[in-house]
There are 2 protein chains.
Amino acid sequence: MRSGERRITLADVASEAGVSVALVSIVMRGAPGAGAATRERVLEVARRLGYQPDSRARLLRSGRSRLIGVVFDVRHPFHHDLLTGLYDAAGKAGYQLTLSAVTPRRGERTAVGDLLQDRCEAIVLFGGQMRGSELASIAARLPVIAMMRSARRRDIDVVHNDDALGSHQAVDHLVALGHQRIAHVDGGALHGSAERRAGYHEAMRRHGLDGHIRVVAGGPGEEHGAAAAERLLADPPTAVTVFNDLSATGLLDVLRRNGLSVPGDLSVVGYDDTTLSRLAHIDLTTVGQDIDALAARAVERAVERIEGTATGPRAVIIPPRLVVRGTTGPAAAGALPPR
Amino acid sequence: MRSGERRITLADVASEAGVSVALVSIVMRGAPGAGAATRERVLEVARRLGYQPDSRARLLRSGRSRLIGVVFDVRHPFHHDLLTGLYDAAGKAGYQLTLSAVTPRRGERTAVGDLLQDRCEAIVLFGGQMRGSELASIAARLPVIAMMRSARRRDIDVVHNDDALGSHQAVDHLVALGHQRIAHVDGGALHGSAERRAGYHEAMRRHGLDGHIRVVAGGPGEEHGAAAAERLLADPPTAVTVFNDLSATGLLDVLRRNGLSVPGDLSVVGYDDTTLSRLAHIDLTTVGQDIDALAARAVERAVERIEGTATGPRAVIIPPRLVVRGTTGPAAAGALPPR
DNA sequence: TTGAAAGCGCTAACAG
DNA sequence: CTGTTAGCGCTTTCAA
């Protein structure tokens, strides 16, 4: 009882329906140029025989694959949300997605290499560590859209969240709650870290809080947030904006273990609005990226490049929006500094 | 400065190197039958021209794709860990993976359909809601390996964790710590739920704790664990085994909010050893699935089916192992029931 | 060791 | 509206 007798081909359907392969091809593609009756019959035969078009042969012949390759990292929860959006956007534009994952034991280069062999027409990269020169060498072969990272290259499109604006929103929110001594835990060398830090600086200055600017070294992990919290404990501010949600979680944990109440003694804002931040017991106020917009614009750029109709700017920056949850509250009156 | 002049083909390399396409094909595949010098030269030319083989054409001609299709759900963190293992296992076996994601707006049927068009030689399904009959209709076309779910079908291989054993390990651990009043929060209709519940029953009985058996309705989400905790609060046991980590997290939160200390008043064991359970402030004792073993055995089954050398059992059950962290501790003396 | 030729399943001209 | 013909880029006999 082995499975997969043999593939049903166009020829099989054609002979069974008593027409030519070309005609079946037309019917299967829904292309114009076939009689209604014939169309009906061919479709019926195809269904009965269980015909499945062979995308490889189809694409080989037509020269185009209508495929957009995506490199994502299995470890990054945010990437999965983004995939959801990309499937939708690509489908609407008449393209298919082909996925290539980066794992702890499978690098970006391998992931991109597979995509190139698959003959996709554009590549969308989620984050990643590739240097600009490397991206450029790929971009010499096909359009490259880099998401959630920057790239100072004229031949690469970038689509990402407005990190500086996100920090502004976080600081504005805290200031509106009466906070002044607002610290920032940064993300180290990661993409977006510099922008989020700069945004924090700008916002503080804009509010005339230059004197309260305080940046603590951090990173993307829970442990980084925890370490930053330890450092903050000696002289706690009344609020903190953190590079991302995971780091914020580590920070929260250490703060609470040390008897500080959140948001009573201290308010905390994360970044990314990940599943983690939505958990009831974390309930983190955070800056959410607009996933659907990011995905839609990335596909839009890819398609424009593929079809040679690209006109707009190579960099697309999407504004984020603050999601207020339970880790931010009014500054305690006593917390106001002397000034 | 448009990119992608034109694809470099075998013919380009051949003419540039002054040999036939057939010979270049041999060299590119590393197949035997080419002189060392020629091989060297062809390779050099290919590199210089930036030749990339076209997997479509290659597979079309050779009739085989050496592709294993994988259907995973972007929302399930565990699936991502499994992908990592599968890439490794498939690579070792000389196969490539082709991914198709299930998203909130892209169903299993679509995901499988794409894979069929890609002409992969076997399909690995992670969980999913497909009924046995549907799986069977796919299995009629190509080998199907179902992971993390059961399927009472002779034509479908299943590879999953030993859920009953996992529950045994959890209960054994708690009993060893002196617990007797151990409750179980189940997973509703999800895959593995019935087995984990049955395993709990068995283990309790084996320890002569029939009288303390207590199953509370639950589910896969944080909210389900939280609701179960509310129900448990009226008459708290001294320990709880929960269907999965996320649900356990919800349960923990409600317990603590109600003044119970974990593990002081109550011990909690989750299931899956997800990233969540490893967070410092959650630090959940849990049952971990052996991801590498699961992945390796799934690929092994797929390859055996593809190559027609399948012999072993159609169901492969992998033993899990308990990961002891901070949510389990000795039963308080006073907590012992009168008996 | 190397080359010529056929053809995988399909689409795209072009005829009829 | 339908059929014929010619390949897409590659692998695979089969000869040389």
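Below, all heavy atoms of this structure are taken into account, side chains as well, without hydrogens, waters or symmetry copies. Reminder, nothing fancy here: chain letters follow the sequence lines and each chain counts from 1. Please read these numbers as outputs of a predicted model, since none were measured by experiment.
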Roughly how many Å is it from CZ in A/Arg64 to C1' in C/dT11, rounded to a whole number?
-> 14 Å

Could you list the donor-acceptor pairs under 3.5 angstrom formed by side chains in residues 144-153 of chain B, with sequence neighbours left out?
| residue | atom | partner | partner atom | Å |
| --- | --- | --- | --- | --- |
| B/Arg149 | NH1 | B/Met130 | O | 2.8 |
| B/Arg149 | NH2 | B/Met130 | O | 3.1 |
| B/Arg153 | NE | B/Gly132 | O | 3.4 |

To the nearest angstrom, how far is A/Arg66 atom CZ from C/dT11 atom P?
-> 13 Å

Contacting residues from residues 43-52 of chain A, given that a heavy atom lies under 4.0 angstrom of DNA chain D | none

Residues B/Asp155 and B/Arg141 bridged, charged N to O under 4.0 Å | no

Is the shortest side-chain N to carboxylate O distance from B/Arg106 to B/Asp73 below 4.0 Å?
-> no

Roughly how many Å is it from CG in A/Asp54 to P in C/dG7, rounded to a whole number?
-> 19 Å

What pairs with B/Glu121 under side-chain hydrogen bond (donor to acceptor under 3.5 Å, both in side chains), at least two apart in sequence or on another chain?
-> B/Arg64

Would you mind reporting whether B/Arg305 and B/Asp157 have side-chain heavy atoms less than 4.5 Å apart?
-> yes

By ring pair (Phe, Tyr, Trp, His ring centres under 6.0 Å) - contacts of B/His191 (at least two apart) = none

Go through the structure and list residues passing salt bridge (Lys or Arg N to Asp or Glu O under 4.0 Å) with B/Glu44, not counting sequence neighbours.
-> B/Arg48

One would report the end-axis bend of the helix from C/dT1-D/dA16 to C/dG16-D/dC1, five pairs per end and rounded to 10 degrees, as 40°

Among all residues two or more places apart in sequence or in another chain, which pass the side-chain contact (heavy atoms from CB on, under 4.5 Å) test with A/Arg58?
-> A/Arg29, A/Pro53

Please state whether the phosphate of D/dT11, meaning OP1 or OP2, lies under 4.0 angstrom from any side-chain nitrogen or oxygen of B/Ser25.
-> yes

I'd like a table of donor-acceptor pairs (distance under 3.5 Å, sequence neighbours excluded) in which one partner is a side-chain atom from residues 33-41 of chain A, with atom names and distances.
| residue | atom | partner | partner atom | Å |
| --- | --- | --- | --- | --- |
| A/Arg39 | NH2 | A/Ala31 | O | 2.9 |
| A/Arg41 | NH1 | A/Ala17 | O | 2.5 |

Side chains of B/Arg109 and B/Val71: does their closest heavy-atom pair fall under 4.5 Å?
-> no

Sort and list the pairs that fulfil ring pair (Phe, Tyr, Trp, His ring centres under 6.0 Å) and have at least one residue in residues 47-72 of chain B, not counting sequence neighbours.
-> B/Phe72-B/His80

Determine, for nucleotides 1-8 of chain D in 5'-to-3' order, which nucleotides have protein heavy atoms under 4.0 Å from the base (write B), from only the sugar-phosphate (write S), or from neither (write -).
-> SBBB-BBB

Between B/Leu59 (CG) and C/dC8 (P), how many Å, whole number?
-> 16 Å

Figure out the CZ/P separation between B/Arg58 and C/dC10, and round it to whole Å.
-> 21 Å

Which residue pairs pass the ring pair (Phe, Tyr, Trp, His ring centres under 6.0 Å) test when at least one of the two sits in residues 132-162 of chain A, sequence neighbours left out?
-> none

Sub-4.0 Å heavy-atom contacts from residues 109-117 of chain B onto DNA chain C, ordered by number | none

Answer with base, sugar-phosphate or nothing: what part of the nucleic acid does B/Arg29 contact at a heavy-atom distance below 4.0 Å?
-> base

Could you walk me through whether B/Gln96 and A/Asp114 pass the side-chain hydrogen bond (donor to acceptor under 3.5 Å, both in side chains) test, one step at a time?
-> CA-CA 9 Å; B/Gln96 266 191 256; A/Asp114 277 13; 3.2 Å; yes

